[in-house]
Amino acid sequence: MEELKIPKHIAFIMDGNGRWAKKRHLPRSVGHREGVGSMRKVVEACHNRGVQVVSFYAFSTENWSRPQEEIDTLFGMLEKFAKSEIPKYAKRNFIITTMGDLNQLPDSVRNALVENMKLCEGNTGMVVNLGINYGGRDEIVYAVNKIISKGIEVNKENISANLYTSDLPEPDVMVRSSGEVRLSNFMLWQLSYSEFIFIDTLWPDMDEKIIDEIITEYNKRDRRFGRV
């Protein structure tokens, strides 16, 4: 049997936390908490299979329109993740990066992220990239403004080099959970030639078996990048 090709970079739109909780007559906060647990499982499963980079859509620029109580819950979980999980990943040689404008986050959340990501400096292992206050259109505008400030030509190469993800390979595959079939402003530039896999599983139900199914499906795709 031919050995499966492992994608270098998998990007995840984590969708379905609220619906998972609603199905069980639980508060949405419980769904988000379970979703954080699923993210840990996905990171472990991808790491064990040799994936080099995983990106997660953690908080979008559109999420500010949600009820303040839910936003506060999400930021509380993010701060806890920064303080308790990032140091553990740092000790395992993982690299934690972010994409998005962190300046709008509450000070305690931003400081927890920035300080704990410093623990990963010099690491060389798997990259866990978190989209926080992130939007794909905003990222392209951000890159173009950086190019203009440098006084260089606006072209495809320079846009790619000035994105939040300039040091990362473009995703080989994008996965969205919960049955929704859209990008929702996620990594619009980087996903131009990625394979899209949409699954019905709600994010809190993600596990290793589903990661294996995603990799198997990825291997069925013929990536031609515009070639015949």
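All of these numbers come straight from a predicted model, not from anything done at the bench.
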Check the hydrophobic clustering (I, L, V, M, F, W, Y; side-chain heavy atoms under 4.5 Å; chains of links allowed) and say if I197 and I210 are grouped together.
yes

By salt bridge (Lys or Arg N to Asp or Glu O under 4.0 Å), R92 pairs with (sequence neighbours left out) E44

In the hydrophobic clustering that connects Ile, Leu, Val, Met, Phe, Trp and Tyr at side-chain heavy-atom distances below 4.5 Å, which members other than V30 occupy its cluster, ordered by chain and number?
W20, L26, L202

Please assess Y218 against I6 for the test side-chain contact (heavy atoms from CB on, under 4.5 Å), listing each intermediate value before the final yes or no.
CA-CA 9 Å; Y218 170 74; I6 303 299; over 6 Å; no

For R110, enumerate each residue passing the salt bridge (Lys or Arg N to Asp or Glu O under 4.0 Å) test, keeping only those at least two apart in sequence or located in another chain.
D107

Residues pairing under salt bridge (Lys or Arg N to Asp or Glu O under 4.0 Å) where one sits in residues 47-63, two or more places apart or in two chains, turn out to be R49-E208, R49-D212

For a salt bridge (Lys or Arg N to Asp or Glu O under 4.0 Å) check, start with the C-alpha distance between E195 and K220, then their side-chain angles and the critical distance, and finish with the verdict.
CA-CA 11 Å; E195 298 298 322; K220 295 177 182 177; over 6 Å; no

Would a hydrophobic clustering, with Ile, Leu, Val, Met, Phe, Trp and Tyr connected at side-chain separations under 4.5 Å, put M174 with M99?
yes

What verdict does the side-chain contact (heavy atoms from CB on, under 4.5 Å) test give for T61 and N133, after you've listed the backbone C-alpha separation in whole Å, the side-chain angles of each residue and the deciding distance to 0.1 Å?
CA-CA 5 Å; T61 50; N133 193 27; 3.7 Å; yes

Taking the ring of W64 and the ring of Y134, is the distance between their centroids below 6.0 Å?
no

Atom NZ of K150 with >12 non-hydrogen neighbours under 6.0 angstrom:
yes

Got I132 and L105 here, is their nearest side-chain heavy-atom distance under 4.5 Å?
yes

With side chains defined as the heavy atoms from C-beta onward, is the minimum distance between F186 and F12 less than 4.5 Å?
no

Which atom of A82 lies closest to which atom of P87, heavy atoms considered
O-CD, 3.4 Å

All heavy atoms of A21 vs all of G31, minimum pair found to be CB-N, 3.8 Å

Do L168 and N129 come within less than 4.5 Å of each other through their side chains, counting heavy atoms only?
yes

Is any side-chain heavy atom of I211 closer than 4.5 Å to one of M206?
yes

Do L78 and I71 land in one hydrophobic cluster if side-chain heavy atoms of ILVMFWY residues count as linked below 4.5 Å?
yes

If we only count heavy atoms from C-beta on, is the R28 to R19 side-chain gap below 4.5 Å?
no

Scan side-chain atoms only and decide if D200 and S178 contain a donor-acceptor pair under the 3.5 Å cut-off.
no

Given side chains that start at C-beta, do those of V53 and P169 come closer than 4.5 Å, heavy atoms only?
yes

Is it the case that Q190 and H9 place a side-chain donor and acceptor less than 3.5 Å from each other?
no

Between N219 and K5 (side chain of the first, backbone of the second, donor and acceptor by atom type, cut-off under 3.5 Å), is there such a pair?
yes

Between Y164 and Y142, is the ring centre distance below 6.0 Å?
yes

Flag for K146-N158: side-chain donor and acceptor within less than 3.5 Å
no

Does CZ belonging to R137 count more than 12 external heavy atoms closer than 6.0 Å?
no

Heavy-atom pair of closest approach, residues S184 and Y57:
O-OH, 3.0 Å

Test of understanding: clusters of I, L, V, M, F, W, Y form through side-chain heavy atoms closer than 4.5 Å, transitively. Do V109 and L102 belong to the same one?
yes

Is there a path of hydrophobic side-chain contacts, each under 4.5 Å between heavy atoms of I, L, V, M, F, W or Y residues, that connects I215 with V43?
yes

Quick one: pull up CG in N111 and CG in N116 and give me the separation to the nearest 0.5 Å.
10.5 Å

Tell me, do V128 and T97 make a side-chain contact under 4.5 Å, heavy atoms counted?
no

Would you say the side-chain atoms of W203 pair up with the backbone N or O of S177, donor to acceptor, closer than 3.5 Å?
no

Interatomic distance, CD1@I13 vs CG@N185, rounded to 0.5 Å, equals 9.5 Å

Kindly write out the residues that satisfy salt bridge (Lys or Arg N to Asp or Glu O under 4.0 Å) with K88, not counting sequence neighbours, or none if the list is empty.
E85

Report the residues that fulfil ring-ring contact (aromatic ring centres under 6.0 Å, His included) with Y89, sequence neighbours left out, ordered by chain and then residue number.
F94

Is E170 salt-bridged to K8, cutoff N-O under 4.0 Å?
no

Residues I95 and N123: closest non-hydrogen pair is CD1-O, 3.3 Å

Heavy-atom nearest pair, M14 first then A58, reads CE-CA, 3.8 Å

Decide side-chain contact (heavy atoms from CB on, under 4.5 Å) for L183 and F196; before the verdict, give the C-alpha distance in whole Å, the side-chain angles of both, and the deciding distance to 0.1 Å.
CA-CA 9 Å; L183 291 180; F196 293 177; 3.9 Å; yes

Between R176 and D15, does any NZ, NE, NH1 or NH2 come within less than 4.0 Å of an OD or OE carboxylate oxygen?
yes

Applying side-chain hydrogen bond (donor to acceptor under 3.5 Å, both in side chains) to D172 and S194, what does each step give before you reach the verdict?
CA-CA 5 Å; D172 298 295; S194 304; over 6 Å; no

Could you check whether any side-chain heavy atom of C46 comes within less than 4.5 Å of a side-chain heavy atom of I10, counting everything from C-beta outward?
yes

Stepwise, does the side-chain contact (heavy atoms from CB on, under 4.5 Å) test hold for R66 with L74?
CA-CA 11 Å; R66 294 187 176 188; L74 290 168; 4.2 Å; yes

Heavy-atom neighbours of E69 CD exceed 12 at 6.0 Å
no

